[in-house]
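Here's a structure for you.
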There are 2 protein chains.
Amino acid sequence: MQQSLSRDEKRQQKLHVILSNAAKEFIVRGYYKTSLDDIARMQNVTKPTLYYYIKNKEDILVKCEQITCEKINAMLDMVMARDTSSLDILHAFINEYIKIITDDVARCHVRHRGQMENKELARQSIKNHKDIEFRVREIIRRGISDGSIRDCNSTILAILLFDSLNGLTSWYHSDGQVTLDELAEEIMALVTKGVSGK
Amino acid sequence: MQQSLSRDEKRQQKLHVILSNAAKEFIVRGYYKTSLDDIARMQNVTKPTLYYYIKNKEDILVKCEQITCEKINAMLDMVMARDTSSLDILHAFINEYIKIITDDVARCHVRHRGQMENKELARQSIKNHKDIEFRVREIIRRGISDGSIRDCNSTILAILLFDSLNGLTSWYHSDGQVTLDELAEEIMALVTKGVSGK
DNA sequence: TAATTATGTTACCATATGGTAACAATATAT
DNA sequence: ATATATTGTTACCATATGGTAACATAATTA
């Protein structure tokens, strides 16, 4: 039983390596330009071996999505339980979201969300994101109620916020000039104060 | 000569129809899932006919980009020539940018920018966008100088702004609930005032 | 009218790639 | 040790698709 667990762990680990490598490659070369042979080669295995860990190519996207959405929703659970102003909660959310999204698997999900060829999978993918967006909208709505957030169209604000945050996946790399904290600071300032001078 | 001009015009028109139809399809179905046969069928022609108007499939992306970047740069010329505060200029830019970007060809460009398989074309595509981003950064820098924009990292701000604006291409459709003016208003408010209540 | 140029078609190919069947080998459990 | 489930390989196929050559036709020009 001890051994059987370890086998299962190994399996999980290997799956994770496959997902991260595939995700990284999907990001830099694109989903369709990255073949399953390419991905297999990175693991030093052959293509059919991949099918022991994934159902098909699209399943890689689905799995990246599941992992990422679970993280985000768990984080939202934590953050929304706080007993502070909704603006503070929004702050915390942005901070944590940036941390989560700066990861190849998450990046891959953001970049390919809703783009599965299987209609049902695509629908589900869009719903997953909409659910998260809805929860953030709820934070904003509460903020408008408690006065910590100015009166605005919460739907549009949530979308704009996500566009900015998700946009990070295209340009931010942790080895670059800007540190994660500095970035979060700058986004916070933009979101709370806007750009106009005093 | 009169006739030869008309022939040239026809050619331009047909090219434009090809580009818009292809662009629309690339957006909804994706670049790789849309075949040249598909695109040809929309024009009621056959695939080889397309090659009279475009060099190859990727050339569609390139042409969409050229058209869009020309529009944006011309708009920037206009807007930056204004004799008002830089914050006003930024306002005007956002307004006009939204108008330009709400168009299938522009949408297609935004969604596929820098994703050409040909390395040199991809490089050029990224440069085109960086040039535009640089001009907006210049507006922000001037705004910081004249005090109309608060002191901030102009690079990050420009990127965040573009992410929000370009994100529109993924969700905004002119037939939806939100009107273009309302949308511009909301973005303006977010950019200038931020979200915090008074 | 004759010659030339622009526009379009049919038929075809080379290639890449997702996916599978059949077959080995290796570890685990009894 | 033996049976079983797991993990992996080689060989293969069906299909889609970007691109081209050769051929046909309509429009301009001389």
Side-chain angles (χ1 to χ4, degrees), chain A residues 1-19 21-23 25-26 29-64 108 112 115-122, chain B residues 1-19 21-23 25-26 28-64 108 112 115-119 121-122:
Chain A
M1 202 97 269
Q2 184 71 19
Q3 297 289 359
S4 134
L5 190 78
S6 157
R7 174 190 273 184
D8 236 45
E9 281 173 350
K10 262 189 180 172
R11 194 187 158 77
Q12 287 301 316
Q13 279 176 13
K14 286 193 181 176
L15 172 60
H16 186 260
V17 173
I18 290 175
L19 293 184
N21 280 333
E25 207 65 6
F26 286 168
R29 290 181 46 202
Y31 179 77
Y32 288 100
K33 294 307 292 180
T34 306
S35 73
L36 288 175
D37 280 321
D38 291 333
I39 297 171
R41 213 170 296 124
M42 294 174 207
Q43 273 45 61
N44 286 324
V45 295
T46 56
K47 183 168 57 176
T49 302
L50 294 181
Y51 281 82
Y52 189 71
Y53 296 91
I54 57 171
K55 280 219 299 280
N56 49 44
K57 193 179 183 185
E58 217 162 53
D59 194 38
I60 297 176
L61 299 184
V62 173
K63 285 190 161 51
C64 286
C108 176
H112 299 92
Q115 304 197 352
M116 295 85 183
E117 295 175 34
N118 180 311
K119 290 283 177 191
E120 176 53 26
L121 290 179
Chain B
M1 205 95 270
Q2 184 70 20
Q3 297 289 2
S4 132
L5 189 78
S6 157
R7 173 189 274 184
D8 236 46
E9 280 172 352
K10 262 189 181 173
R11 195 186 158 78
Q12 287 302 316
Q13 279 176 12
K14 285 192 182 178
L15 172 61
H16 186 260
V17 173
I18 290 175
L19 293 184
N21 280 332
E25 207 65 6
F26 286 168
V28 299
R29 290 181 46 202
Y31 179 77
Y32 287 100
K33 295 306 293 178
T34 306
S35 72
L36 288 176
D37 280 322
D38 291 333
I39 297 171
R41 214 170 296 124
M42 295 172 207
Q43 283 25 76
N44 287 324
V45 295
T46 56
K47 182 168 59 175
T49 303
L50 294 180
Y51 281 81
Y52 188 72
Y53 296 91
I54 57 171
K55 281 217 299 278
N56 49 45
K57 193 180 185 186
E58 218 163 51
D59 193 38
I60 297 176
L61 298 183
V62 173
K63 285 188 162 49
C64 285
C108 176
H112 298 92
Q115 304 197 351
M116 295 85 184
E117 295 175 34
N118 180 311
K119 291 283 176 192
L121 290 179

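Reminder, nothing fancy here: chain letters follow the sequence lines and each chain counts from 1.
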Query raised in the report: Can you tell me how far P of D/dT7 sits from CD of A/Q13, to the nearest Å?
Result: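 So the two atoms are 13 Å apart, to the nearest Å.
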Query raised in the report: Within less than 4.0 Å of OP1 or OP2 of C/dT28, is there a side-chain N or O belonging to A/K10?
Result: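 So the side chain of A/K10 is outside the cut-off, no N or O lying under 4.0 Å from OP1 or OP2 of C/dT28.
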Query - Spacing of NZ belonging to B/K57 relative to CD1 belonging to B/I39, to within rounding of 0.5 Å - result: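 It is 6.5 Å, given to the nearest 0.5 Å.
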Query raised in the report: Nearest-Å distance, CD (A/E9) to C1' (D/dT6)?
Result: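 One finds 17 Å between C1' of D/dT6 and CD of A/E9, rounded.
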Report task. Can you check each nucleotide of nucleotides 9-19 of chain D against protein heavy atoms at under 4.0 Å and return B for base, S for sugar-phosphate only, - for none, in 5' to 3' order? Result -> BB------SBB
Query raised in the report: Taking C-beta and beyond as the side chain, do A/K63 and A/I18 meet within less than 4.5 Å on heavy atoms?
Result: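 Contact flag for A/K63/A/I18 side chains = no.
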Query raised in the report: What residues, two or more places apart in sequence or in another chain, satisfy ring-ring contact (aromatic ring centres under 6.0 Å, His included) together with B/Y32?
Result: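 Checked B/Y32 against ring-ring contact (aromatic ring centres under 6.0 Å, His included); matches are A/Y32.
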Query raised in the report: To the nearest angstrom, how far is B/L50 atom CG from C/dG8 atom P?
Result: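 Going from B/L50 (CG) to C/dG8 (P), I get 10 Å.
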Query - Interatomic distance, B/R41 CZ vs C/dG8 P [rounded to whole Å] - result: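 That distance rounds to 17 Å.
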Query raised in the report: Starting at CD1 of A/I18 and ending at P of D/dT7, how long is that distance when rounded to a whole Å?
Result: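 So the CD1-P distance, A/I18 to D/dT7, works out to 11 Å.
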Report task. Name all residues meeting the salt bridge (charged side-chain N to carboxylate O under 4.0 Å, His left out) criterion together with A/R41; count only those two or more places apart in sequence or in a different chain, and write none if there are none. Result ->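 Once residues adjacent in sequence are excluded, the partners of A/R41 under the salt bridge (charged side-chain N to carboxylate O under 4.0 Å, His left out) criterion are A/D38.
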Requested in this report: Look at B/R11 and C/dT7 and indicate whether a side-chain polar atom (N or O) is within less than 4.0 Å of OP1 or OP2.
Outcome: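 Yes.
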